[in-house]
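Scroll down for the structure; my scribbles are underneath it.
Computed from a predicted model, the values in this text were never measured in an experiment. All residue numbers in this chain count up from 1 along the given sequence.
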Amino acid sequence: MAVSRFGVSLEKELLDALDQYVEENHFANRSQAIRQLINRNIAEKKWQCDNTVAGSVTLVYATSRHDIQNQISDFLQTYTTEVLSSQRFLLNDSQTMEIIAIKGIAHRLTELADRLITIKGMQHGKLSMSRAD
């Protein structure tokens, strides 16, 4: 893919914030950081436009909560078109992490993630989506 160069003018505070973002995220340079920020913005806009996106839902819950595992399974069966894969990991004796790979229309993926994340007893949940076109 061809790369185009262009100049950008920023206020000092914004440039300092960009440099901090570069450092915190271990980018090689500002261009990589700006590229990532633009891609993220485009993906988030696609979420709102209901285009096709791909992503994952990461869930953390108590290993002893078999009812949570059953509810997750029920939801995944409802969204079989969107669910690509699911994998469960034991983090320690008391916590399980489940990662669900998904692809589909943004509002359907958001709906699925919201249903999973709000299961009673869920300790943590996060949806991540990216462009899939």
Side-chain angles (χ1 to χ4, degrees):
M1 183 182 312
V3 175
S4 298
R5 296 187 186 278
F6 67 97
V8 177
S9 299
L10 299 173
E11 294 82 6
K12 181 176 178 359
E13 295 80 21
L14 196 52
L15 182 60
D16 291 344
L18 176 61
D19 287 339
Q20 182 176 353
Y21 181 76
V22 168
E23 185 178 327
E24 288 172 353
N25 291 280
H26 308 287
F27 290 110
N29 53 50
R30 292 175 180 158
S31 292
Q32 284 185 344
I34 291 170
R35 195 175 303 118
Q36 193 272 345
L37 289 167
I38 292 169
N39 279 326
R40 182 187 312 156
N41 183 275
I42 290 169
E44 288 175 2
K45 186 175 181 182
K46 284 183 175 259
W47 299 355
Q48 297 166 0
C49 298
D50 284 336
N51 291 334
T52 300
V53 296
S56 65
V57 181
T58 302
L59 306 168
V60 177
Y61 53 91
T63 303
S64 61
R65 297 288 306 268
H66 298 289
D67 59 318
I68 292 177
Q69 291 178 5
N70 292 337
Q71 288 180 63
I72 291 170
S73 294
D74 290 344
F75 285 133
L76 297 187
Q77 289 176 3
T78 304
Y79 293 86
T80 55
T81 304
E82 292 81 13
V83 175
L84 301 173
S85 176
S86 176
Q87 187 150 11
R88 190 173 291 152
F89 304 91
L90 295 177
L91 297 176
N92 53 45
D93 290 340
S94 62
Q95 285 188 307
T96 296
M97 178 174 69
E98 190 154 344
I99 301 173
I100 303 159
I102 52 179
K103 180 181 177 186
I105 302 301
H107 83 271
R108 285 278 293 173
L109 302 187
T110 303
E111 178 183 283
L112 169 59
D114 289 346
R115 292 178 81 179
L116 292 168
I117 291 167
T118 58
I119 292 174
K120 185 174 181 177
M122 191 64 64
Q123 296 173 353
H124 175 76
K126 182 173 174 82
L127 169 65
S128 298
M129 289 194 287
S130 298
R131 297 184 329 187
D133 54 356

query = Which one of Thr58, Leu116, Leu84 satisfies the side-chain contact (heavy atoms from CB on, under 4.5 Å) criterion with Ile100?
reply = Leu116
note = Between Ala33 and Phe27 the two heavy atoms that sit nearest each other are CB-CD1, 3.6 Å
ask   = Do Tyr61 and Gln71 have a side chain donor and acceptor closer than 3.5 Å?
value = no
query = Closest approach of Gly104 and Leu109, non-hydrogen atoms and distance?
reply = N-CD1, 3.7 Å
inquiry  = Do Val83 and Ile99 land in one hydrophobic cluster if side-chain heavy atoms of ILVMFWY residues count as linked below 4.5 Å?
reply    = no
ask   = Of all heavy-atom pairs between Ala54 and Ala132, which one has the smallest distance, and what is that distance?
value = N-CB, 3.6 Å
ask   = Once you round to the nearest 0.5 Å, how far does CZ of Arg35 lie from CD1 of Ile38?
value = 8.5 Å
key: Closest non-hydrogen atom pair between Ile102 and Ser56, with its separation   = CG1-N, 4.0 Å
key: Single-linkage hydrophobic cluster Met122~Phe89, side-chain heavy atoms < 4.5 angstrom   = no
request  = Take Thr110 and Met129 through the side chain to side chain contact (heavy atoms under 4.5 Å, CB included) test and state the conclusion after the steps.
outcome  = CA-CA 9 Å; Thr110 303; Met129 289 194 287; 3.6 Å; yes
key: CG on Leu76 to CD on Glu98, rounded to 0.5 Å   = 6.5 Å
key: Glu23 side chain reached by Gln20 side chain, heavy atoms, under 4.5 Å   = no
inquiry  = Would Val57 and Arg115 count as a side chain to side chain contact (heavy atoms under 4.5 Å, CB included) here? Give the steps.
reply    = CA-CA 11 Å; Val57 181; Arg115 292 178 81 179; over 6 Å; no
request  = Any chance you could measure His107, atom NE2, to Asp114, atom CG, to the nearest 0.5 Å?
outcome  = 12.0 Å
ask   = Should the heavy atoms of other residues, nucleotides or ligands under 6.0 Å from CG of Asp93 be counted, would the total exceed 12?
value = no
ask   = Which atom pair, heavy atoms only, marks the closest approach of Arg30 to Val22?
value = CA-CG2, 3.8 Å
ask   = Are Leu59 and Ile119 joined in one hydrophobic group, where the rule is that I, L, V, M, F, W and Y side chains link up if heavy atoms are under 4.5 Å apart?
value = yes
query = Can you tell me how far NZ of Lys103 sits from CD of Glu82, rounded to the nearest 0.5 angstrom?
reply = 12.0 Å
Connected via hydrophobic side-chain network under 4.5 Å: Tyr79 and Leu127 = yes
message = Quick check: is Val60 connected to Leu112 through a chain of hydrophobic side chains (ILVMFWY, heavy atoms under 4.5 Å apart)?
response = no
inquiry  = Looking at Gln95, is its backbone amide N or carbonyl O close enough to the side chain of Thr63 to form a donor-acceptor pair, meaning the two atoms are under 3.5 Å apart?
reply    = yes
key: Minimum heavy-atom distance between Thr96 and Arg88, given as atom pair plus value   = CG2-CG, 3.3 Å
Rounded distance (nearest 0.5 Å) linking atom CZ of Arg65 with atom CG of Asn70 = 11.0 Å
